Amino acid sequence: MEKYVIKGGRRLEGEVTIAGAKNAALGILAAAVLTDEECIIENVPYVQDTKVLLAAIENIGARVKYIDKHTVSICAGTIRDGKHLEVDDGNIRKIRAGYYLLGSLLGKYHYANVALPGGCDIGARPIDQHTKGFESLGANWEIVKGGKIVVRADELFGNHVYMDIVSVGATINIMLAAVLAQGKTTIENAAKEPHIVDVANFLNSMGANIKGAGTDVIRIRGVERLHKTEYSIIPDQIEAGTFMMMAAATGGNVLIKNVIPKHLEAISAKLNEIGAHVIEYDDSVRVMSDGRLKSTHIKTLPYPGFPTDMQPQMAVTLALSRGTSIITESIFENRFKYVSELARMGARISVEGNTAIITGVEGYTGANLVAPDLRAGAALVIAALAADGFSSVEDIKYILRGYEDFDGKIKGLGGAIELIDDDDDRSMQKFRLKVG
Ligand code: EPZ
């Protein structure tokens with residue numbers, strides 16, 4: 001098993017380039033199955049989640065080819081017998097986004113049989129809004145033996161879908177199922193995240209007719225078929241935000257390149273509020289901090305609110321800021337699991353229900369940590385970079401699901417981090433000697 005070893009205390013400085021958005025890529029890769037023609041998709045982040053989804057797409061018979069590390073060609077024309085496909089290759093259960101194949105296979109073949117989704121353990125994560133949407137379009141569904149969900153329809157007809165909860169996954173899944181349905185679909189109370197817009201833009205580039213993505217009412221007019229396309233995925237808002245927090249927490253000065261500053265507004269606003277300095281350029285942001293930060297209150301909300309996927313990284317930064325901060329997590333009920341790890345570094349955080357009360361401390365001390373999920377894992381790496389002394393972060397498989405070359409990028413900013421084999425004591429010694 002691999003882990004990161006980190007020596008903290010260095011200000012991060014320099015430039016880092018952000019990869020394509022993981023959560024947009026996952027919707028887009030699944031959407032490519034909706035046409036029999038070739039889709040060439042650029043700026044695909046080379047992370048575990050996209051690799052697992054691509055393997056699943058290949059396993060059902062599509063031709064999947066990496067043109068280069070970040071450009072993928074998908075041709076679903078080679079899929080045979082779409083009415084009897086089964087998506088279950090062992091790995092797909094470990095990721096959340098396998099469920100996007102429900103929408104795209106249902107949309108194309110009127111039949112989908114997919115292993116129930118896994119993903120980070122951050123809450124109950126039901127899929128009732130997805131199934132409600134499919135039902136509105138005329139499909140029925142059942143959970144079958146082996147933890148799989150089967151959705152089928154004779155025909156799909158556009159309809160009015162009101163979402164009881166703002167859900168990124170359900171919004172994308174209903175779009176995927178509706179683009180080839182007969183007639184008009186309206187999704188009300190839709191999610192507005194940048195990746196929703198990106199998936200809609202991708203589908204439109206294939207010939208779909210989707211309007212209103214990015215607002216809370218999305219209107220889809222079904223088309224008969226979709227065609228080939230070439231498309232480049234937007235930059236990852238959360239990877240960018242993670243490096244922004246890293247700069248702030250280490251008192252650094254980092255230029256974060258290949259971003260859409262508008263997507264980062266909620267994060268930039270909070271960083272400015274606590275005393276870091278964010279400068280926006282056309283496609284980059286610079287974050288500077290002298291390390292003297294102050295407290296604030298934050299509530300996670302659907303976009304354009306403060307993203308739940310940035311909550312742990314923000315908490316790590318606030319726990320080093322003067323005063324008392326309060327974070328309310330309103331999206332997922334189990335997203336404070338990193339708090340006990342941070343406590344071992346000296347953080348003072350108490351959690352009551354969905355609220356974390358953070359009393360800022362002067363600094364962290366290095367500790368051996370375990371990543372509980374993807375974003376919390378990244379947050380612990382930030383804490384270790386800001387801490388005094390050596391730390392290790394285990395269970396980094398979560399981090400590798402969503403961050404490409406995380407340690408390489410941090411090293412490029414002067415951070416002392418190494419990915420080593422868990423049981424290899426010599427690597428640890430070598431790292432200690434190297435960083436002093
Ligand atoms: C997506 O998850 C992201 N995952 C998550 O990113 C992200 O945290 C989340 O959206 C919120 O932004 C992917 O895109 C693969 P939701 P998703 O449906 O779609 C409830 C990361 O770190 N809900 O918007 O699963 C749900 O329980 C990950 O990259 C229902 O009740 O999230 C939650 O409370 C982690 N019924 C809320 O809605 C449903 O049918 C929002 O969930 C669907 C969701």
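Remember, it's 1-based here, ligands and their atoms both numbered in the order they're listed. Side chains included, hydrogens not; waters and symmetry mates left out as well; all remaining heavy atoms used. Predicted model, so just to flag it, every value in this text is computed and none were measured.
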Check your understanding: Is the backbone of H297 close enough, under 3.5 Å, to the side chain of K270 for a donor and an acceptor to pair up by distance?
Key -> yes
Review point. Does R401 come within less than 4.0 angstrom of ligand 1, counting non-hydrogen atoms of the residue?
Key: no
Check your understanding: When you look for heavy atoms under 4.0 Å from ligand 1, do you find them on the side chain of H195, its backbone, both, or neither?
Key -> neither
Practice item. Could you see which bit of R125 sits under 4.0 Å from ligand 1, with heavy atoms only: side chain, backbone, both or neither? Key: both
Exercise for review: Give a yes or no on whether the backbone of I233 and the side-chain of N43 come within a donor-acceptor separation of less than 3.5 Å.
Suggested key: yes
Study note, to complete from the structure: All heavy atoms of A319 vs all of I349, minimum pair found to be CB-CD1, 4.3 Å
Review point. So, does S284 use its side chain to make a donor-acceptor pair with the main chain of Y281 at under 3.5 Å?
Key: no
Exercise for review: Would you mind checking which non-hydrogen protein atom is closest to atom 18 (O) of ligand 1, with the distance to 0.1 Å?
Suggested key: S167 OG, 2.6 Å
Practice item. Determine whether Y303 and I196 make a side-chain contact, defined as any pair of heavy atoms from C-beta on separated by less than 4.5 Å. Key: no
Exercise for review: Have a look at D49, D373, D309 and point out the one with the heavy atom closest to atom 7 (C) of ligand 1.
Suggested key: D309
**Study point:** Numbering as shown, the atoms of ligand 1 that approach T308 to under 4.0 Å (heavy-atom distance)
**Key:** 8 (O), 11 (C)
Review point. How would you list, by chain and number, every residue that makes a salt bridge (charged side-chain N to carboxylate O under 4.0 Å, His left out) with R401, sequence neighbours excluded?
Key: D49
Exercise for review: List every atom of ligand 1 that sits less than 4.0 Å from any heavy atom of H130, numbering the atoms from 1 in the order shown and giving each element.
Suggested key: 40 (O)
Revision key, fill the gap. Taking only non-hydrogen atoms of K22 and a 4.0 Å limit, the atoms of ligand 1 in range are 21 (C), 29 (O)
Check your understanding: Nearest protein heavy atom to atom 37 (C) of ligand 1, by residue and atom, and its distance?
Key -> I331 CG2, 3.9 Å
Exercise for review: Under 4.0 Å, heavy atoms only, figure out whether ligand 1 is touched by the backbone of M310, its side chain, both or neither.
Suggested key: neither
Check your understanding: For ligand 1, is there an N or O atom under 3.5 Å from any N or O atom of A170?
Key -> no
Check your understanding: Crowded around R348 CZ? As in, over 12 foreign heavy atoms under 6.0 Å?
Key -> no
Point to revise | ligand 1 contact by K132, heavy-atom criterion under 4.0 angstrom | key: no
Practice item. Would you give the length of the straight line joining atom CG of L105 to atom CG of L34, rounded to the nearest 0.5 angstrom? Key: 8.0 Å
Check your understanding: Which of the atoms in ligand 1, numbered in the order shown and given with their element, are less than 4.0 Å from a heavy-atom of R96?
Key -> 25 (O)
Practice item. Could you tell me whether some N/O pair between G169 and ligand 1 is separated by less than 3.5 angstrom? Key: yes
Review point. Is it the side chain, the backbone, both or neither of Q129 that has a heavy atom closer than 4.0 Å to ligand 1?
Key: both
Practice item. From the options Y99, Y100, Y398, select the one whose nearest heavy atom is closest to atom 17 (P) of ligand 1. Key: Y99
**Study point:** Charged N-O contact under 4.0 Å between D405 and K411
**Key:** no
Practice item. List the closest protein heavy-atom neighbour of atom 38 (O) of ligand 1: residue, atom name, distance to the nearest 0.1 Å. Key: I165 CG2, 3.2 Å
Check your understanding: Any ion pair linking R152 and E142 (charged N to carboxylate O, less than 4.0 Å)?
Key -> yes
Exercise for review: Quick one: look up the protein heavy atom nearest atom 3 (C) of ligand 1 and list residue, atom name and how far away it is.
Suggested key: N23 ND2, 3.6 Å
Practice item. Ignoring hydrogens and angles, tell me if any N or O in the side chain of E341 forms a donor-acceptor pair with the backbone of V370 under 3.5 Å. Key: yes
Point to revise | Minimum-distance protein heavy atom relative to atom 22 (O) of ligand 1 | key: R375 NE, 2.8 Å
Exercise for review: List the closest protein heavy-atom neighbour of atom 42 (O) of ligand 1: residue, atom name, distance to the nearest 0.1 Å.
Suggested key: F332 CZ, 3.8 Å
Review point. Where is the nearest protein heavy atom to atom 39 (C) of ligand 1: which residue, which atom, and how far?
Key: P126 O, 3.0 Å
Point to revise | Nearest protein heavy atom with distance in Å, relative to atom 36 (N) of ligand 1 | key: D128 OD1, 2.8 Å
Exercise for review: Considering the heavy atoms of R335, write down every atom of ligand 1 situated less than 4.0 Å from one of them.
Suggested key: 8 (O), 22 (O), 35 (C)
Practice item. Please list, chain by chain and in numerical order, all residues satisfying salt bridge (charged side-chain N to carboxylate O under 4.0 Å, His left out) with E37, sequence neighbours excluded. Key: R225
Review point. Taking the six-membered ring of Y46, is NZ or CZ of K51 closer than 6.0 Å to its centre and within 45° of its axis?
Key: yes
Revision key, fill the gap. Within 4.0 Å of some non-hydrogen atom of I127, the atoms of ligand 1 are 39 (C), 40 (O)
Exercise for review: Output yes when a side-chain donor or acceptor of R335 lies under 3.5 Å from a complementary backbone atom of Q311, and no otherwise.
Suggested key: no
